[in-house]
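Worksheet: one structure, shown below.
The model shown is predicted, which means the values in this text are computed figures rather than measured ones. By convention in this document, chain letters (A, B, ...) are assigned in the order of the sequence lines, proteins followed by strands, and residues within each chain are numbered from 1.
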Amino acid sequence: MTLRLYNTLTRQKEDFETVQSGKVAMYVCGPTVYDKAHVGHAMSALVFDIIRRYLEYRKYEVRHVMNYTDVDDKIINRANREGVDPIQLAEHYIDEFKLHLRDLNIKPATVYPRATQEITQIIKMIQELGESDYAYAVDGDVYFRVKNDADYGRLSGRKPEDMQAGARIGVDERKENPMDFALWKSAKPGEPSWDSPWGPGRPGWHIECSAMNLHHLGEQIDIHGGGNDLVFPHHENEIAQTESLTGKPFARYWVHNGMMTLHGEKMSKSLGNLVTIEDFLAKHEGDALRMMVLNSSYRNPLTFGEDVVAAAEKGLERLRTALRPAVSNGQPSPELQQQIETTRRGFEEAMDDDFNTAGALGYLFDLARVVNQTKDAGLDAVPGQAVLRELMDVFGLRPERLAAEGEQAAPFVDLLVEVRRELRAQKLWALSDMVRNRLTELGIVLEDTKDGAIWRWK
RNA sequence: GGCGUCGUGGCCAAGUGGCAAGGCAAGGGUCUGCAAAACCCUGAUCAGGGGUUCAAAUCCCCUCGACGCCUCCA
């Protein structure tokens, strides 16, 4: 079976072939850290975490790079408004984002480069672009000369001629061409800056990603990812810079996730319609958001809403319930064995088709049902539970709710459950129910099964 | 205006030429001391119109509607 994925560059699904056999170099654009991150940012990180996990399931060795843009206009503006140091402001939000990644069960990237830590590489790259006439300096700023890049616009499917008409923002008069974009920006007094051949300044937004790619992954990478709002101009410009310099195709596959929407519109700061990751995680566990992502296709917009979150949580609970209890005292079940094969085949076929997680998830639910049937029949459900657990892990779903504070209460709960078992044996229903009700009030769900009572945190 | 995506049962959402997955919600039933969970049963002809085809949600055209990018943005 061949893995196929949709390439924004060609607008079609293509067979996945890596530069180096068995290895994947993947670069994903991370956030600009000037404010709290919202669930849309989390969605993007989750999408590429799931892709990474599946590639690893398919035995690829993945080198995963995710950057932080830690110096730019927004960061500087915000820092000025709050009267703090821009670098420290960025540092703060990076720390916060890292905690979110952990809570969302996102596997750590191989490297987390930052613009401010790649200044040397960035300057070197701009110099080389200047030497080959792809860049020009004006008053301490350096711009990329778009007209010298013959196939500019390839990724986003637009022609420089078409775009001129649409240019609305006040054009910088010093640019040779309105399409040209900044590689290096001269610093105003008080702004963070680094010395360069063009005077003190800082890198433009696009060049940092080109430089970090070159530095950490090389001239040619396999997957370059990010939100589809980055297709133009960010990724277009990255291609222009990198390919103009190396003369080689930059990324083989450009993969873009759709936007998270709230009330029918893209979640974004400017519209004020956003839910921060912090707020989300205060009310829900990270896996709930992951379920929402899994239940849709990554290239389409994802609807956010409390009803959708609730449905995701219930579905997650269903998968987890099938995992417990694991009782292996029964006879093997041929039906389950068959379902296991169907599940694995279906799961891989779906995922091989441009990471169709929603389709693959359907097979997991099918397996869960057969596992439950097997349990009801008193047969051995463990083989099915093992596969379910394994594939949930490929999705990054935890087999049980993450331990919360106070979970060290477990031995005491066990004790109460044990006492209650005795009460039930003596048919003291009122007392027995009281124990269960009181535990429910404390956030513990207790269920009586054939094999005794099981409990879990709600 | 240019480029692009999308419109499937109450909600979320797969499927993209051959009798419409799955989850959530809802209703009925089984099991259970009760409850919960689980299991069983029940529902859509795929925005609208036209065309191609033996056959279309799936291909082509038109209409309507929603959204994204074209400016910082995951």
What interatomic distance, in whole Å, is found between [atom1] of [M] and the corresponding atom of [N]?
N	M	atom1	result
rC64(B)	rA25(B)	P	39 Å
rA21(B)	rG2(B)	P	40 Å
rU58(B)	rU30(B)	C1'	40 Å
rU71(B)	rG49(B)	P	39 Å
rG28(B)	rG43(B)	C1'	13 Å
rC41(B)	rC46(B)	P	26 Å
rG15(B)	rA57(B)	C1'	9 Å
rU63(B)	rG1(B)	P	12 Å

Please list, chain by chain and in numerical order, all residues satisfying side chain to side chain donor-acceptor pair (under 3.5 Å) with [X], sequence neighbours excluded.
X	result
Tyr363(A)	none
Asp35(A)	Arg78(A), Lys269(A)
Lys107(A)	Glu56(A)
Asp366(A)	Arg369(A)

The side chain of [X] lies closest to which of these nucleotides: [options]?
X	options	answer
Glu265(A)	rG68(B), rA36(B), rA38(B)	rG68(B)
Phe365(A)	rA38(B), rG22(B), rA74(B)	rG22(B)
Met259(A)	rA74(B), rA38(B), rA21(B)	rA74(B)

Do the side chain of Arg424(A) and the base of rG33(B) come within less than 3.5 angstrom through a donor-acceptor pair of N or O atoms?
yes
Ring centres within less than 5.5 Å and planes less than 30° apart: is that true of Tyr363(A) and rG22(B) in this structure?
no
When we call it a touch if two heavy atoms are under 4.0 Å apart, what does [X] touch: a base, just sugar-phosphate, or nothing?
X	answer
Gly157(A)	sugar-phosphate
Lys266(A)	base
Gly225(A)	nothing
Met291(A)	nothing
Gly30(A)	sugar-phosphate
Leu446(A)	base
Thr440(A)	nothing
His256(A)	nothing
Asn437(A)	nothing

Along nucleotides 39-48 of chain B, 5' to 3', which nucleotides get a B, which get an S, and which get a -, given that the test is a protein heavy-atom distance under 4.0 Å?
SS--------
Expressed as a whole number of angstroms, how long is the span from [X]:[atom1] to [N]:[atom2]?
X	N	atom1	atom2	value
Leu361(A)	rG22(B)	CG	P	12 Å
Glu208(A)	rC72(B)	CD	C1'	13 Å
Tyr27(A)	rA74(B)	OH	P	12 Å
Gln339(A)	rG22(B)	CD	P	11 Å
Leu294(A)	rA21(B)	CG	C1'	16 Å
Leu428(A)	rC34(B)	CG	C1'	14 Å
Leu262(A)	rA66(B)	CG	P	18 Å

Restricting both atoms to N or O, compile the protein contacts to nucleotides 9-16 of chain B shorter than 3.5 Å, with distance only.
residue	atom	partner	partner atom	Å
rC12(B)	O2	Asn295(A)	ND2	3.2
rA13(B)	O2'	Asn295(A)	O	3.4
rA14(B)	OP1	Ser297(A)	N	2.8
rA14(B)	OP1	Ser297(A)	OG	2.5
rA14(B)	O3'	Asn356(A)	ND2	3.1
rG15(B)	OP1	Asn356(A)	ND2	3.1

Show me the pairs that pass ring pair (Phe, Tyr, Trp, His ring centres under 6.0 Å) and involve residues 259-279 of chain A, at least two apart or across chains.
none
Please tell me whether Gln241(A) and His206(A) have a donor and an acceptor in their side chains that are separated by less than 3.5 angstrom.
no
How are the rings of Trp254(A) and His235(A) set to each other: parallel, tilted or perpendicular (split at 30° and 60°)?
tilted
Could you list the residues that satisfy salt bridge (Lys or Arg N to Asp or Glu O under 4.0 Å) with Arg318(A), not counting sequence neighbours?
none
Can you list the residues that meet the salt bridge (Lys or Arg N to Asp or Glu O under 4.0 Å) rule with Arg63(A), with sequence neighbours excluded?
none
Protein-nucleic acid N or O pairs under 3.5 Å, nucleotides 57-60 of chain B:
none

With ring centroids as reference points, do Phe395(A) and Phe347(A) lie under 6.0 angstrom apart?
yes
Taking ring pair (Phe, Tyr, Trp, His ring centres under 6.0 Å) as the test, write out the residues that go with His216(A), two or more places apart.
none
side-chain hydrogen bond (donor to acceptor under 3.5 Å, both in side chains) contacts in which one or both residues fall within residues 290-300 of chain A, not counting sequence neighbours:
Asp49(A)-Arg290(A), Ser297(A)-Asn300(A), Tyr298(A)-Asp354(A), Arg299(A)-Asp354(A)
Pairwise side-chain contact, Asp73(A) with Arg202(A), heavy-atom cut-off 4.5 Å (strictly under):
yes
Does a nitrogen or oxygen in the side chain of Thr449(A) sit under 4.0 Å from OP1 or OP2 of rA38(B)?
no
